[in-house]
Novice: 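Below is the structure I would like to discuss, written out as structure tokens.
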Amino acid sequence: MAVKIRLQRHGKKGKPFYWIVAADARSKRDGKYLEKIGTYDPNQKPAAIDLNFDSALSWLDKGAQPTSTAKAILSYTGVLFKKHLDGGVKKGAFTEAEAKKRFDAWMKEKSAKIEKKIEDANAALESNKKEAREREEEYRKRKLEESKAKEQAKADEAPADEAPAEETPAEEESVSQTDEEKKD
């Protein structure tokens with residue numbers, strides 16, 4: 001029986017959530033599996049991976065073949081590197097202590113990169129929020145100025161409308177007087 005380490009899709013439409021499973025290669029994508037090894041959530045920034053390291057390593061040692069996406073996840077978490085180092089120990093290239101030292105150094109470097117990625121994502125989010133607040137404040141000021149200008153324009157127009165209204169009867173009186181003078 002050929003065993004594959006692959007992703008099993010869960011979640012809802014547009015919001016995928018995956019289980020990382022060891023399954024028979026002949027079973028359906030979301031069908032029966034042998035063991036659930038972990039989870040993968042690509043909706044978060046950076047993507048959240050929760051993996052049972054020892055279980056994944058034991059399935060690889062037993063000959064399970066990861067799919068391309070599962071292989072990328074296993075590589076990202078260090079399972080494939082650990083398997084590679086264990087192979088070097090079995091061949092006698094270096095000792096178990098040296099392999100552990102190399103793996104710990106790699107994990108330290110990897111976790112530093114992940115922390116930096118998280119900090120950068122948080123900084124970008126804060127920057128975007130700050131820019132949005134500044135744009136909103138600028139928009140509010142502009143709207144306030146426009147409304148004040150409209151009110152000022154209305155105030156300027158109101159006396160102008162009233163003044164011609166007062167002059168019109170006076171003009172009519174003068175016109176009517178001139179008409180009466182012409183008749184006389």
Side-chain angles (χ1 to χ4, degrees), residues 4-23 27-31 33 35-60 64-86 99-163:
K4 286 206 173 263
I5 296 176
R6 62 181 180 203
L7 301 181
Q8 193 176 62
R9 192 172 201 268
H10 292 272
K12 59 184 183 178
K13 187 168 146 184
K15 297 271 188 181
F17 182 83
Y18 299 96
W19 287 358
I20 304 167
V21 298
S27 66
K28 297 178 182 176
R29 178 194 72 178
D30 297 339
Y33 59 90
E35 183 183 354
K36 180 180 172 184
I37 298 172
T39 61
Y40 168 61
D41 186 5
N43 298 318
Q44 298 180 10
K45 295 287 183 197
I49 300 170
D50 180 33
L51 187 69
N52 184 342
F53 193 88
D54 296 329
S55 180
L57 189 60
S58 72
W59 277 108
L60 286 174
Q65 295 297 312
T67 60
S68 59
T69 308
K71 187 174 185 177
I73 291 170
L74 294 175
S75 176
Y76 183 81
T77 56
V79 174
L80 292 180
F81 186 62
K82 179 70 172 165
K83 182 179 185 291
H84 172 75
L85 291 175
D86 288 347
K100 182 166 176 41
K101 183 176 149 188
R102 288 183 185 184
F103 183 73
D104 290 341
W106 182 87
M107 282 302 284
K108 209 179 271 188
E109 181 182 324
K110 184 68 171 183
S111 53
K113 285 181 183 178
I114 292 170
E115 287 297 321
K116 185 176 181 335
K117 198 179 227 184
I118 291 171
E119 288 173 9
D120 290 347
N122 289 339
L125 184 64
E126 287 298 319
S127 174
N128 290 343
K129 285 181 181 179
K130 185 178 180 183
E131 289 174 9
R133 276 190 236 116
E134 289 173 356
R135 285 194 306 267
E136 181 68 26
E137 188 64 32
E138 187 177 309
Y139 177 78
R140 285 184 190 156
K141 286 180 182 177
R142 191 173 64 236
K143 281 295 188 182
L144 184 63
E145 289 173 2
E146 288 175 4
S147 65
K148 284 183 180 179
K150 284 183 182 179
E151 289 176 10
Q152 185 65 31
K154 274 189 173 180
D156 291 346
E157 286 179 13
D161 287 342
E162 292 173 10

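All values derive from a computational prediction rather than experimental measurement.
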Novice: Near H10 NE2, under 6.0 Å, is it more than 12 heavy atoms from other residues, nucleotides or ligands?
Specialist: yes
Novice: Salt bridge check, E109 against K113: does any charged N sit closer than 4.0 Å to a carboxylate O?
Specialist: yes
Novice: Could you walk me through whether R6 and S27 pass the side chain to side chain contact (heavy atoms under 4.5 Å, CB included) test, one step at a time?
Specialist: CA-CA 11 Å; R6 62 181 180 203; S27 66; 2.7 Å; yes
Novice: Quick one: do N122 and E126 satisfy side chain to side chain contact (heavy atoms under 4.5 Å, CB included)? Show the steps, please.
Specialist: CA-CA 6 Å; N122 289 339; E126 287 298 319; 5.6 Å; no
Novice: May I have the step-by-step check of side chain to side chain contact (heavy atoms under 4.5 Å, CB included) for K82 and D86, ending in yes or no?
Specialist: CA-CA 6 Å; K82 179 70 172 165; D86 288 347; 3.9 Å; yes
Novice: Can a donor-acceptor pair be found, under 3.5 Å and without considering hydrogens, that links the side chain of D30 to the backbone of R9?
Specialist: yes
Novice: If you count every heavy atom of other residues, nucleotides or ligands that lies below 6.0 Å from K110 atom NZ, does the total exceed 12?
Specialist: yes
Novice: With side chain to side chain contact (heavy atoms under 4.5 Å, CB included) as the test, would you mind laying out the steps for E138 and K141 before giving the verdict?
Specialist: CA-CA 5 Å; E138 187 177 309; K141 286 180 182 177; 5.8 Å; no
Novice: Angle class for the F103/F81 ring planes (parallel below 30°, perpendicular above 60°, tilted otherwise)?
Specialist: parallel
Novice: Looking at D104 and K108, is there a salt bridge between them, counting it only when a charged N and a carboxylate O are closer than 4.0 Å?
Specialist: no
Novice: Treating T77 as the side-chain partner and I73 as the backbone partner, does any N or O pair qualify as donor plus acceptor under 3.5 Å?
Specialist: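 Looks like yes, one N/O pair under 3.5 Å.
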Novice: Salt-bridge test for R140 and E136: reply yes if a basic N is under 4.0 Å from a carboxylate O, no otherwise.
Specialist: yes
Novice: Going by heavy atoms in the side chains, are K143 and E146 under 4.5 Å from each other?
Specialist: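 In short, these two side chains touch, coming nearer than 4.5 Å.
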Novice: Mind checking whether V21 and I5 have side chains closer than 4.5 Å, heavy atoms only?
Specialist: no
Novice: Mark yes or no for whether S75, through its side chain, and K71, through its backbone, hold a donor-acceptor pair below 3.5 Å.
Specialist: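 No, because the side chain of S75 does not come within donor-acceptor range (under 3.5 Å) of the backbone of K71.
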Novice: Hey, does I114 have a side-chain heavy atom less than 4.5 Å from the side chain of Y76?
Specialist: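 Yes - at least one pair of side-chain heavy atoms lies under 4.5 Å apart.
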